[in-house]
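In what follows, every chain begins at residue 1, and chains take the letters A, B, ... in the order their sequences are listed. Scope of the values below: all heavy atoms of this structure, side chains included, with no hydrogens, waters or symmetry mates.
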Amino acid sequence: MQHERQHVPVTALALVGDDWIFSGQGPYLYIYGSDGTTHRKIRVFEGQAIHGIALSADDLASAALIWGGSLSRSLSIDIQDGRIEASLGPVQNVQDWILDAAFAPSSHSLIGLVTAHNALATISITRPAHAKSPTPRPSLQQRVPGSNCILYSAHILWLSPSHCLVASGTAFGDIIVWSAYLEHDSEVPLRSHTHFTFAAHEGSVFGVRLSSQLKIPGFGCERVLASCSDDRTVRIWDVSSLPMESSAAGETPRDTGFGAKISEDALAPRCLAKAMGHISRIWHVRYAAGKHRDETMRILSFGEDASVIVWALQAREQLCSLNQLRSIKAHSGKNIWAVAVHDSRGLLATGAADGAIALYESPGKSLDIHEIAPPLSLESKGSDAYRTYGFVGPSTVLATTDRGGVVQFHLSGDQPLHPIEISSPLASLRGYSIMSNVSAFGFIGGSDGAIHAFDRGTAQLVGLAQVGSKVAGLFACRPRSDLLNLLATTVNATEARILRLDGPDPFRSPSRTTMLQLPESFVVTSFAYYEDESLRYAVLGSRGGAIAVYCPSVDGSNQLDCSITISEAHNAESVTSLRLVQQKRTPGHAARHFLFSTGRDGTFAVRELRHSNAAVEVITLHQLALPFGPNIEGLKMHADDSRVWTWGFQSKHFVVYDVMAQREIMRVECGGAHRQWAFEPDFDANGGRFVWTKAGRLFHAQQAALPFRLLNEGGHGREIKAVAVSSASAEIGSVIATGAEDTDIKLFRYEKSGGFHCLQTLRKHNTGVQHLAWHGNYLLSSGGFEEFFVWRVSAGVPYLGIGVACESAHPRSGASDLRIMGFCVDEDTRDGNRGLRITMAYSDSTLKVWAYESEQRTWTLISAGDYLTSCLTQVMATTDHRFITAATDGYLTTWRHQQQQQQSLDWLSRHNVHQSAIHTIAHLELADGTSLFVTGGDDNAIAITRCTPGESSDDTGMATLLIPRAHAAAVTGVAIISIRPNGGECQQVQLVSAGIDQRIKVWEVEVDAVGAMRVKKVADVFTAVADVSGLEVWRGEEDGVSGVLVSGVGIDLWRMPSASA
Amino acid sequence: MGKSSKDKRDAYYRLAKEQGWRARSAFKLLQLDEEFNLFEGVTRVVDLCAAPGSWSQVLSRVLIKGERIGRASWEDKRYREILRSRAAGRQDLLPGIENEAENAPPPTNAPREGVKIVAIDLQPMSPLEGITCLKADITHPSTIPLLLHALDPEYTGSSTTSLEASHPVDLVLSDGAPDVTGLHDLDIYIQSQLLWAALNLALCVLKPGGRFVAKIFRGKDVDLLYAQLKVVFERVTVAKPRSSRASSVEAFIVCVGFRPPPGFKASLDHPLGAGRKLDGAGGETLSSAVETTYKLRDDGTVEVEFGEDGRAVEGGDVRWVAPFLACGDLSAFDADASHKLPEGHISLDPVQPPTAPPYRRALEERKKLGGAYGKTKLGEVK
Ligand SMILES: C[S@@+](CC[C@H](N)C(=O)[O-])C[C@H]1O[C@@H](n2cnc3c(N)ncnc32)[C@H](O)[C@@H]1O
């Protein structure tokens, strides 16, 4: 087997020189260039993940030590002309879990390591004199034996070439600070001293960090220690002086366990500050490079909540405080496991359980927020305030005021922002005005029905039209540079009008006005317009979630009825933005038209509009919840590089999110959704400008670069519980669906060049996903509380490629907390039925067969039956019309069902294969009419059961070959790779299995004419995926590579050897 | 999850409350005993990582009070009912479904003589009559003298070299589990350290032939642990009681026939786990057949063994996969199944409230601040 690709948690990081990122993912070291391209993938260990990388302190970073568990390996690095070479030394076993390691000052050969029992070891790497061979020869020395209880964290800092300072944190909240002195050239340390042993936290200490020597004017401390814990606090301690009183404080008998108190208070350093910010456990603390106004230093903390918090440590005389400056969540799911700080460049890198690496150029720098001066009140008495505003250019805002004034301002640089008057207060805009903007134009409607137009080019406001009564809504749309349409609605009217502005003097006289008849109680909230030589679409969205489509004729009536209304297009919530996209005609294919929309139901949707014989049909191709909201307010597509940005609010923040890259672009803390605001996206700058009102004041924030870059993004960040791969022959091709602990389902495409690319994230389950299966272009998913969804997946969606919409949710009984553990799907072949037959295995030992009719989206129970008292785990249908279920009691059970009549489902016979739960099952029909069931159990065993069809009610039809100790732990994935004749009537079956022991094994089973079986193991490899939950056979589209895909904490793809000849 | 829905989700959670156990774990020990007869001839026991104390309760009721706690207390009655109704009129199906629990002799109390039970945990534990409870970290070296003293009040602990109990115990239990971090390698390591710490204590206090039962995470490298345990015990089995969920990596290593390695001295300075390994005696049992063998069992299933025990791996360690045994009859409640609650079911409060987490103070603080702490206010941003 050959390793193809993995996407697993990042557990070690280092920033090497100015251009290189080293990352440990499973047993592999990846070397990335600064642009994110992978330069090297080096297998460091056979069966051990990498947990740390230490770099030599010389400028060139010519050596590194890589460790994981109790193993370590040295690496010599050679960087020349933008190329990097690296070669590994031999594996060394330090015999205990390594917590930290560091090279001695300006050394590339001496490394100190601290283990989980607070022992200090050193490794010295000697290079052979004849420099020809680069292989270093490391030698390991145990220096200070560890004898304390288990540590969760440690930091080793060399104060001089003969003095190591170590800080370490225990499981129950203690911190120990001690020194080891190494005699020059000697093998043993002469002395070690404990400086402090103290109860530092109320929970386990997960991170400790000693600062370098500090020389900060006005700050009395020369060295601090930062720590973080289970108790959610970050604490800073003054360790400027290192008392020598005690040499063995940690080893004397003492009160251990929670709530223990240490009497010797003298051994505790002074706590300078403590603060809380993370919502769960805190794994690491670091010091940030760079100094800033009125703060002493910056601290970074990294949490289980996958966020980074930037803290300012401020010291004023004797008082210190730790204040949160900023919180950034670049990763999805949970757990930042790895951190690297590049001191001189101020660069920060984090690696997390989602398998991504985030790079922050200046983590401490928040967006600059500026206040915009209030409008000058021209009348001497009373004040004025901004009423409504919008962008009329990348950095120009047009605004109206309460008193009816119209102003603009330029958002530039750090200048104090002052409004420029466009028009003195207009009576029609006094106390009420609304605005719509598009490119350089702004349209303002007033209470008397007047509509004014503004063009940034002339900076003039002109009267455009008078619609008779108070303007309720204005929506400008500019489908082409030479055409502008303005939709205007009036209060309580049943009609809306489109003003066509394409004449020679568009802002003085619309070339045409078209009246649209609105559907019943339709309050317009959004508008889009499209036209070409033969076709015109006007689309309106409503406050009630409906979308109405009109087809204005080129020269027909000026009075129009709506062609079709889609009620609840965004449930019952406002449709906030609409965009029409044409997919150009290609040979053999007519042009297609698509409608993109967002709504306050938290979703983003793509629908196709089909026009034939004056009728319009609307097909939903995509509609999924976004990871923020529910108030999604806007949408913009970048045609050239197919970026799709949406924006809206999430609790107190304004958020911009790229639907294609599935990443957050910008985030501003503004107070929440209920306010006036305007946003102008800037694709080139990866940001934009956001203006908002808070407590009667107007603010502005600009983002000109991404707050962080991401490598390898797209993972779940939580354990994957189910996986299914669609058939390469399906219209959508091979799509990997994964369902995780976080209740999300993700769809991935694998490409040799780019790896796993996340296409979509499906957020609808409220409980962990139990099972996933494909049926053509349908994806079906089940979970707890009887959750079951039918997803329709479509190819050919512009921008997205693959679109996903939830077609139906299985009706649930409501009160039940049953889990649907497994299910199988096939066509419903009963007379006169079209749809799917879905058989579900429940956690209360019942089996139910449902018919799902996709036209009407109805569900009918065909039959149901009970097994015994165990939880069913799997169900499969055989071609001879039986079901086979597996359960937690280790039995395979055969069920009989007749398609034609409604009846209760009954089991025929059961057969014991495993001692406890059957976790996984695969099925194969042999040429002689018998079937093979391969199962993996909680009992570490793999069973191969041959099943002869028959009606007997005992289990004589089943014969099992059992491999009791197939894995060292539960077997959670099995699959059948191939079957082929092997001489005479023998058949050879190739199987693959994976388990919680993180091994993937390949087996060859020979089945002879009378059904006797022989088995041998042909491969056994380590997978970096922990908690394996599933295994699927993979058949690649690109090069027909066949392999196996393992899922759990990450995904891992292995290429299979073609079956041995 | 509400109390009542937890009752449905987890039959053992409900049973524990109904039968007065401090934790559902009690059933794990009871089911292990059902299979392995753990308490036979046992009077002196050490219960490590014992809080909140349901295992100690089992010890107290079985050893001190002499109660017999049988299968009937965790049996799902429906199991035999369904089988019986299916078998109605089918003589061939009846054998094997007779109700053993009903035929069991009525329990009689038989308190044992000279019972000594010491329980240790990091967390404080509510007292239990007749049981010595200590609050200590089992991985800390100072715990060994503490335990020796609790077992033998005469033990002075003055000479640090004498780390052996003068009156050894028959059984050492450890149900220790760390707060998992989610970093699987680390969690497995910490769990294995708890196991080593328990074994280190067992080596000091267990009498030859004694038994050792400990929680184990069946994950990566668990076969390295099995291989080490096999050195000091005659028989090592990994057991999974029906009350332990199939979806959990937890299992119990049941070791019987303690055979201290000749010349082995338990050590404070050099505990097991931190680099120190057991080797020598018993090692030969690991390298048996090297041929693949097929064995036909009575039930017709063929078992295959590859004879590849004792394989050494990266870092030079030896692996061995202990045989697996599921324990508890199939009529026992299924810990993974959803259950219908018995008619008229009233959801009870837990016997003991759970211990306070170390982040309790953080939760309180957050509540005080209305859900958000440490947030910056707009005015402060520059
Ligand atoms: C699953 S509970 C034990 C339940 C117990 N057997 C019962 O039946 O109630 C695990 C216990 O291990 C304890 N523990 C974890 N690490 C420990 C350590 N290093 N020393 C002592 N106890 C520890 C925890 O405090 C926790 O109470």
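Ranked by heavy-atom pairs under 4.5 Å with chain A, the first of B/I82, B/D185, B/D76, B/V238 is B/D185. Ranked by heavy-atom pairs under 4.5 Å with chain A, the first of B/H339, B/K220, B/E303 is B/K220. Of the residues considered (B/L296, B/V302, B/I120, B/L186), B/V302 shows the highest number of contacts with chain A, using heavy-atom pairs under 4.5 Å. Interface check for chain B: of the options A/V1028, A/D1027, A/V913, the most heavy-atom pairs under 4.5 Å are formed by A/D1027. No other option in B/V222, B/D221, B/I190, B/V249 has as many heavy-atom pairs under 4.5 Å with chain A as B/I190. Taking A/T869, A/I963, A/T945, A/D997 one by one and counting their heavy-atom pairs under 4.5 Å with chain B, the maximum is reached by A/T869. Among A/R281, A/R819, A/Q998, A/R697, the residue with the largest count of heavy-atom pairs under 4.5 Å with chain B is A/R819. Ranked by non-hydrogen atom pairs under 4.5 Å with chain A, the options B/H184, B/R78, B/R297, B/R242 are led by B/H184.
The pair A/D906-B/R86 counts as a salt bridge, with a side-chain nitrogen and a carboxylate oxygen less than 4.0 angstrom apart. Using a cut-off of 4.0 Å between Lys/Arg side-chain N and Asp/Glu carboxylate O, B/E75 and B/R80 are scored as salt-bridged.
The NZ atom of A/K694 sits 6.0 Å away from the CD atom of A/E669 when rounded to the nearest 0.5 Å.
Contacts of A/F1022 with chain B are made by side-chain atoms alone, with heavy-atom separations under 4.5 Å and no backbone atom involved. Contact annotation for A/A970: both backbone and side-chain heavy atoms come within less than 4.5 Å of a heavy atom of chain B. For chain B, the nearby parts of A/T888 are the backbone and the side chain; heavy atoms of each come within less than 4.5 Å. Proximity to chain B is absent for every atom of A/M821, based on heavy atoms less than 4.5 angstrom apart. Of the atoms belonging to A/H919, it is side-chain heavy atoms, and not backbone ones, that fall under 4.5 Å from chain B. With a 4.5 Å cut-off on non-hydrogen atoms, B/L325 touches chain A through its backbone and its side chain both. Contact annotation for B/V304: both backbone and side-chain heavy atoms come within less than 4.5 Å of a heavy atom of chain A. Contacts of B/I188 with chain A are absent, with no heavy-atom separation under 4.5 Å from either backbone or side chain. There is no contact between B/S331 and chain A, counting heavy-atom distances below 4.5 Å. Only the side chain of A/N335 comes within contact range of chain B, judged by heavy atoms closer than 4.5 Å. Looking at A/H967, only its backbone comes within 4.5 Å of chain B, counting heavy atoms on both sides.
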Margin query: A/Y891 vs A/H911, test: ring pair (Phe, Tyr, Trp, His ring centres under 6.0 Å). Steps then yes/no.
Written below: CA-CA 5 Å; A/Y891 279 78; A/H911 173 68; 8.0 Å; no
Checklist line | Working for side chain to side chain donor-acceptor pair (under 3.5 Å), residues A/S70 and A/D96 | finding: CA-CA 5 Å; A/S70 63; A/D96 192 19; over 6 Å; no
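Side chains of B/T293 and B/E305: a donor-acceptor N/O pair is absent below 3.5 angstrom, by distance only.
Annotation: cation-pi pair A/R1014/B/Y294 present, NZ/CZ under 6.0 Å from the ring centroid and within 45° of its normal. For the pair A/R326 and A/W311, the cation does not sit on the ring face, since its NZ or CZ is not both under 6.0 Å from the ring centre and inside 45° of the axis.
A/D889 places no side-chain N or O within donor-acceptor distance of the main-chain N or O of A/S870, the cut-off being under 3.5 Å.
Between A/W97 and A/H51, a ring centre-to-centre spacing shorter than 6.0 Å is recorded. Not less than 6.0 angstrom separates the ring centroid of A/F206 from the ring centroid of A/W337.
In this structure, the side chains of B/D10 and B/F333 stay at 4.5 Å or more apart for every pair of heavy atoms.
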